[in-house]
Engineer: 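The structure that follows is given in the form of structure tokens.
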Amino acid sequence: MRWCPVRGRGLRCGVSARGRPALSPARLALVSILQFGEGLLDRQAAEAVRARIDWKYALGLELTDVGFDYSVLSEFRDRLIAGSLEQSLLDTILERAGTAGLLRAGGRQRTDSTHVLMAMRTMNRLEQVHETVRAALNALAAAAPDWLLAQAESGWFERYEVRVEDYRLPKNKAERIQLGHEIGADGNGVLRAVYSPAAPGLLRNIPAVQTLRHVWIQQYVTIDDQLRWRTPDEQPPGMIRQISPYDGDARSGTKRDSHWDGYKVHLTEACDTDAPHLIAVPGGTWGHRFGRRTNLPAGR
């Protein structure tokens with residue numbers, strides 16, 4: 001089509017009203033779609049806007065248009081995410097598709113799911129509990145440095161100053177279990193200090209501290225005042241077990257022979273034989289939460 005299918009409605013709040021005139025957010029959205037479809041880097045996408053006649057036609061640009069700097073694309077994505085405008089963009093596209101008769105009530109549809117990898121590396125149990133304590137200490141140091149200095153036990157700063165890597169951990173199974181128990185004791189010490197009556201109440205609401213509390217419930221058990229690892233059978237199922245201190249919603253997933261750490265997204269495709277096949281995203285499993293949103297017409 002000659003002109004952009006979305007003219008910026010609902011996206012304008014992501015564009016500053018001050019300064020020099022902004023590029024059309026609808027055009028940048030379409031550029032992002034074309035870029036994703038061809039698997040291009042930002043520099044390559046900006047060059048395609050400047051030099052390719054097919055892209056100029058799709059974007060409704062004159063042949064003499066010089067395009068824009070590639071950095072505009074990353075800035076546009078940042079604004080889109082910061083303003084939570086991605087759903088508004090999808091809704092507008094689907095609304096236009098419905099108006100044009102490309103999405104119909106009662107049409108043929110099919111649904112499937114796929115996985116989305118989290119943006120952090122996968123960690124084993126020792127790495128996870130170590131990084132969870134480290135993240136909590138870093139957050140407490142930023143929120144209440146003087147309080148943390150007064151509460152810190154001997155060795156905390158030395159043990160959790162740097163990120164842990166598996167190749168630096170003990171190889172012997174007994175030594176790894178012992179290290180896990182020592183990290184567990186440190187985590188308990190942090191939680192005791194934070195939840196003591198003398199501690200500032202706001203520290204308990206720090207997300208990294210809440211993550212520490214949840215992970216310790218899932219990874220450790222105390223019997224007769226002795227802290228120990230939970231066995232695999234004692235751990236909660238993957239759909240509710242936290243796997244990263246830096247992404248509280250990511251979970252371990254399995255589908256047939258595929259295993260991943262991240263999320264699961266459910267896709268619905270309109271597949272009428274006499275119309276384009278359009279994919280919507282009616283719902284996704286983000287960690288232990290399940291949200292559903294219907295984007296296709298009623299009367300399915």
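Every heavy atom of this structure was used, including side-chain atoms; hydrogens, water molecules and symmetry mates were not.
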Engineer: So do the side chains of L227 and H181 get within less than 4.5 Å of each other, counting heavy atoms only?
Structural biologist: no

Engineer: Do L203 and L149 sit in one hydrophobic cluster, given that two such residues count as connected whenever their side-chain heavy atoms are within less than 4.5 Å of each other, even indirectly?
Structural biologist: yes

Engineer: Could R163 and E131 be called an ion pair, given the rule that one side-chain N must be under 4.0 Å from one carboxylate O?
Structural biologist: yes

Engineer: Please round to the nearest 0.5 Å and tell me the distance separating atom CG of D78 and atom CG of L73.
Structural biologist: 11.0 Å

Engineer: Is it true that, when you exclude D274 itself, more than 12 heavy atoms of the residues, nucleotides or ligands shown sit nearer than 6.0 Å to its CG?
Structural biologist: yes

Engineer: Applying salt bridge (Lys or Arg N to Asp or Glu O under 4.0 Å), name anything that partners E47, two or more places apart in sequence or on another chain.
Structural biologist: R50

Engineer: Scan residues 116-148 for pairs that pass ring-ring contact (aromatic ring centres under 6.0 Å, His included), counting only residues two or more places apart or in two chains.
Structural biologist: H130-Y160

Engineer: Strictly by modelled atom types, are D42 and Q35 linked by a side-chain donor-acceptor pair under 3.5 Å?
Structural biologist: yes

Engineer: Is the side chain of N124 donor-acceptor paired with the backbone N or O of E127 at a distance under 3.5 Å, no angle test?
Structural biologist: yes

Engineer: Sequence neighbours excluded, which residues qualify as side chain to side chain donor-acceptor pair (under 3.5 Å) partners of R43?
Structural biologist: Y70

Engineer: What pairs with D233 under side chain to side chain donor-acceptor pair (under 3.5 Å), at least two apart in sequence or on another chain?
Structural biologist: none

Engineer: Would you mind reporting whether L28 and P25 have side-chain heavy atoms less than 4.5 Å apart?
Structural biologist: no

Engineer: Partners of W156 by ring pair (Phe, Tyr, Trp, His ring centres under 6.0 Å), sequence neighbours excluded?
Structural biologist: none

Engineer: Under a 3.5 Å threshold, yes or no: a donor from one side chain and an acceptor from the other, between Q219 and R125?
Structural biologist: yes

Engineer: Under a 4.5 Å cut-off applied to non-hydrogen side-chain atoms, are V215 and Q128 in contact?
Structural biologist: yes

Engineer: Let me check something: do V221 and W216 share a hydrophobic cluster, defined by ILVMFWY side-chain heavy atoms less than 4.5 Å apart, either directly or through other members?
Structural biologist: no

Engineer: Donor-acceptor check, side chain of Q218 to backbone of Q242, threshold 3.5 angstrom: yes or no?
Structural biologist: yes

Engineer: Do the side chains of L63 and Y57 get nearer than 4.5 Å, heavy atoms only?
Structural biologist: no

Engineer: Less than 4.0 Å between a side-chain N and a carboxylate O, is that true for E269 and R108?
Structural biologist: no

Engineer: In the single-linkage hydrophobic clustering (I, L, V, M, F, W, Y; side-chain heavy atoms under 4.5 Å), do F68 and L41 co-cluster?
Structural biologist: no

Engineer: Which residues pass the side chain to side chain donor-acceptor pair (under 3.5 Å) test with E38, not counting sequence neighbours?
Structural biologist: R52, W55

Engineer: Any chain of hydrophobic side-chain contacts (each under 4.5 Å) joining L23 to L80?
Structural biologist: yes

Engineer: For the hydrophobic clusters of this structure (ILVMFWY residues joined by side-chain heavy atoms under 4.5 Å, transitively), does one cluster hold both L191 and I217?
Structural biologist: no

Engineer: With a 6.0 Å cut-off (strictly less than), is the heavy-atom count around CD1 of I223, excluding the residue itself, greater than 12?
Structural biologist: yes

Engineer: Any salt bridge between R251 and D261, counting N to O under 4.0 Å?
Structural biologist: no

